[in-house]
Every structure is written in structure tokens, then in C-alpha cells.
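One structure is given here, and the rest of the page talks about it.
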Amino acid sequence: MTHTGTAVPTAVHPPRTAAGPAHAHALVLAPVTPAWDEGAFFAPVIDTLTAAGAGLRVTVVDTLSLRDERVRTLDDLVARWRALLPAFGRIDLLCGNALGGAVAQGLLPYVAPGTAALLVSGPARSDALLEHRLTEIADLAATGHTAASLALLHERVQPDGTPPSTGPDPTATAARTAVATGGAGYDRLAGGREGRAAAEGDAAWRAGAAPADPGRLVRGGTTAAVPADIPPPAHQTPAQRLDGGLRLLCGIDLAAAVEAHPGPLLHITGGRSQLVTRRHTAAAPHHRVHVVAEAGMRPHTDQPAEVSALIGAFLREKGLT
């Protein structure tokens, strides 16, 4: 499912009903992750979209795969994905989580007017607090402290007020001191070996997210060839992905593009999010923003039943099932 060379990393999740021309197609843009995870970050939502009652075909792409040193702003990344959109065919539902949600909103002017949008903690605008917290995480990655960066990211995506981790690997506790120590405290805790520490941080980041179901994941399925004027995806280390990806969310304002979109839109955020909150969203009067009270940055894993019900109702209301 992960493709190299001239293909964008793509995971295709077929509907759990007999395939047919009537099935709607959802394109999902991934958030900043230390490595491509084939859609594991969105597993509860993918399950809802592909369920027998919904029956969507879901294509998940690695949003950061089109980033290189020439992509300095979110607009740069949106432009690259805009050029690639035709490769995915008809898109009935455009989805995005975190960075992927921001890119999805930037793409709204370039999709069919009736295209539905589903966003989960995808900021339309940033502010000083969000940028400060993102920059803290990015700075640790940029200075070689990948483990501390991942640990701080893991802490920030938890609902505000979540007790610090305890035990032999107190990730959250270490993360809170990582900035003050330049990351060295967490690196020492992890044994001083950056590779091992990064792997542990990656595991912490992904903890709580159900893995993609390999029985329904089409490996070697649809790939999207990169147009000739776009450089092919290059290898990025976890540190490069964290540093480069998180900074793209600083200084953004996509409100005009979102508010002008005539199609249906549902944006889900967490009421206890330490990063993207209700104030970072934008919506037209016919759009909906729903705040999941007891969720953090990942409402789909913090409160999966509530989010699944919201998405199911949205799909039915908009005629996508």
C-alpha cells in the first residue's frame, strides 16, 4: 500500500458492501504523523464511512508526501494537491484531519460545488496560542530531539486535563520538561539512542488508535501518479515530517475559501482540545461545526460512538449513503 518513486502513498479502503457504480468516493488527507500509517490515524471514521449502511469507498493519502524544501507555506502544499486532484477521479466527500483538514479546506475552491466536506480538528485559521504550541513541538524535532517532539505532540493531542503518564516510560511528564531541557531529559530517559526513542514516541503517538483492518485494506490498489511538474515524493525522516509539517499550520487563514463553499460541510472538534478548537474553525450558515465536549484533538478516538453517529447522520442527510 505504500508506494515509492513516482507515486503518492495511498491506501484504499473498499466499502463493506458489494462494489458498484453507485458507491460514493471519499478522499481523506492525513495529518502530520512521524511516518505514513496507511490510514490508521482515521480508523474509526474509515469504519463508519465504509460500513454496510454507508458503503463509501475511501482513499487515504499521505498529505506530507508532496512536501519538500520548496513547500514553505500551506498555500504551496495546497497548490501541489490541487494539481493532483484529477488523478483521484470523482470525489463526493473531501475529508481531512489536522493538517489534512487545513489542506482540504484550501482545496474547496477547486472541487465540484456540491462536494461534501468532513473535517476533524482541521484549522481554518491559526492564532498565537496554537502557533506557539505547534512551534514548541517543531523546534524539538528541528534540533534533533525527535523523541521529545513526539512525546510533546502525544501530550498535546490528549484532552486537556488528562493525567500525566506514569510508570517506566512517563511520556507526558517527560514531554512537559522537554522544552526547558532542549529535549535532553527525554532523550536520556529513552536511553540516549534517538532511533529507539523516536520509535517509542511513535508508538505513544499511535497508542489508542485502532490499526487499519488489513482484511479490508486494498494493498497495491489505486496509486496516484505525480504530474511531471511536481517533484516525486522524497523520503522524509520523522523529524523532518514533524518540523516541516507542523510549521505549515502557522499564519493560516482559510476562512474565505471555507465560507464560500456552497456544498455541505461538517467540522468536528474537541471541547477539551489543547490545539485546534472551535475558534480555529470557519463555516458558512449552511455548514455545521460540532464540538465533542469530552474530546481532545482526536475526537474520533476519544469519543468514537458520538463521532460515528454524527458522521452517519451527515452522510444520510446529504444523500451520500
Side-chain angles (χ1 to χ4, degrees), residues 8 10-15 17 19-31 39 42 45-46 48-51 53-63 66 74-75 77-125 222 224 227 252-269 276 280-290 300 307-308 310-321:
V8 171
T10 305
V12 180
H13 300 258
T17 55
H23 286 296
H25 177 219
L27 177 65
V28 177
L29 291 130
F42 222 42
V45 177
I46 292 171
T48 300
L49 296 177
T50 59
L56 275 72
R57 175 171 58 92
V58 178
T59 301
V60 189
V61 294
D62 181 13
T63 309
L66 294 188
L74 188 76
D75 287 344
L77 188 58
V78 168
R80 291 196 169 179
W81 280 105
R82 177 189 177 187
L84 194 56
L85 278 181
F88 296 99
R90 189 188 75 190
I91 300 170
D92 302 288
L93 180 65
L94 183 63
C95 308
N97 178 209
L99 172 68
V103 172
Q105 290 169 94
L107 290 171
L108 289 176
Y110 310 110
V111 298
T115 303
L118 171 62
L119 311 167
V120 179
S121 299
R125 52 170 66 93
T222 302
I252 65 170
D253 188 351
L254 302 162
V258 177
E259 292 166 0
H261 182 59
L265 181 148
L266 171 63
H267 198 155
I268 302 172
T269 64
V276 179
H280 299 115
T281 66
H286 63 285
H287 298 158
R288 182 184 180 191
V289 178
H290 182 92
H300 53 297
V307 171
S308 178
L310 282 168
I311 294 173
F314 177 71
L315 296 176
R316 290 189 296 272
E317 179 185 344
K318 306 308 176 183
L320 290 171
T321 60

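Source: prediction; values computed, not measured. All heavy atoms count here, side chains included; hydrogens, waters and symmetry mates do not.
- Listed here is the closest heavy atom pair of Glu259 and Ala283: CG-O, 3.8 Å.
- For the atom pair Leu49 CG and Leu315 CG, the distance stands at 6.0 Å (nearest 0.5 Å).
- Using a 4.5 Å heavy-atom threshold, the side chains of Phe314 and Thr48 count as separate.
- Inter-residue side-chain proximity for His300 and Ile311 is flagged as unmet; no heavy-atom pair is nearer than 4.5 Å.
- Using modelled atom types, no side-chain atom of His267 and backbone atom of Ala282 make a donor-acceptor pair closer than 3.5 Å.
- Residues satisfying the salt bridge (Lys or Arg N to Asp or Glu O under 4.0 Å) criterion with Arg125, sequence neighbours excluded, are absent altogether.
- Rounded to the nearest 0.5 angstrom, Thr269 OG1 and His290 NE2 are separated by 8.5 Å.
- Between the CZ atom in Arg80 and the CG atom in Leu85 there is a gap of 14.5 Å [rounded to 0.5 Å].
- Residues Pro262 and Pro113 share a closest heavy-atom pair of CG-O, 3.4 Å.
- Taking all atoms of both residues into account, the shortest heavy-atom contact from Pro123 to Ala98 is CD-O, 3.6 Å.
- Put simply, the side chain of His261 reaches to within 4.5 Å of the side chain of His287, judged on heavy atoms.
- Asn97 places no side-chain N or O within donor-acceptor distance of the main-chain N or O of Pro31, the cut-off being under 3.5 Å.
- Residues Leu320 and Ala24 share a closest heavy-atom pair of O-CB, 3.9 Å.
- In this structure, the side chain of His286 engages the main chain of Gly263 through a donor-acceptor pair within 3.5 Å.
- For the pair Leu93/Val58, no side-chain contact is recorded, criterion being any heavy-atom separation below 4.5 Å from C-beta on.
- Closest approach of Cys95 to Ala104, counting heavy atoms only: O-CB, 4.1 Å.
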Please step through side-chain contact (heavy atoms from CB on, under 4.5 Å) for the pair Arg288 and Leu310, ending with a clear verdict. CA-CA 11 Å; Arg288 182 184 180 191; Leu310 282 168; 3.7 Å; yes
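- Side-chain atoms of Val45 and Leu118, non-hydrogen and from C-beta on, do get closer than 4.5 Å to each other.
- One distance of note links OH of Tyr110 with OG1 of Thr115; it measures 14.5 Å at 0.5 Å rounding.
- For the pair Val61 and Leu84, the minimum side-chain heavy-atom distance is 4.5 Å or more.
- No side-chain heavy atom of Phe42 sits less than 4.5 Å from a side-chain heavy atom of Val60.
- In this structure, Thr63 OG1 and Trp81 CH2 are separated by 6.0 Å, a value rounded to the nearest 0.5 Å.
- Distance check, rounded to the nearest 0.5 Å: CG of Asp92 to CZ of Arg90 gives 4.0 Å.
- Contact check for Val289 versus Leu119: no side-chain heavy atoms found under the 4.5 Å cut-off.
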Please lay out, stage by stage, how Val78 and Leu254 fare under the test side-chain contact (heavy atoms from CB on, under 4.5 Å). CA-CA 11 Å; Val78 168; Leu254 302 162; 5.7 Å; no
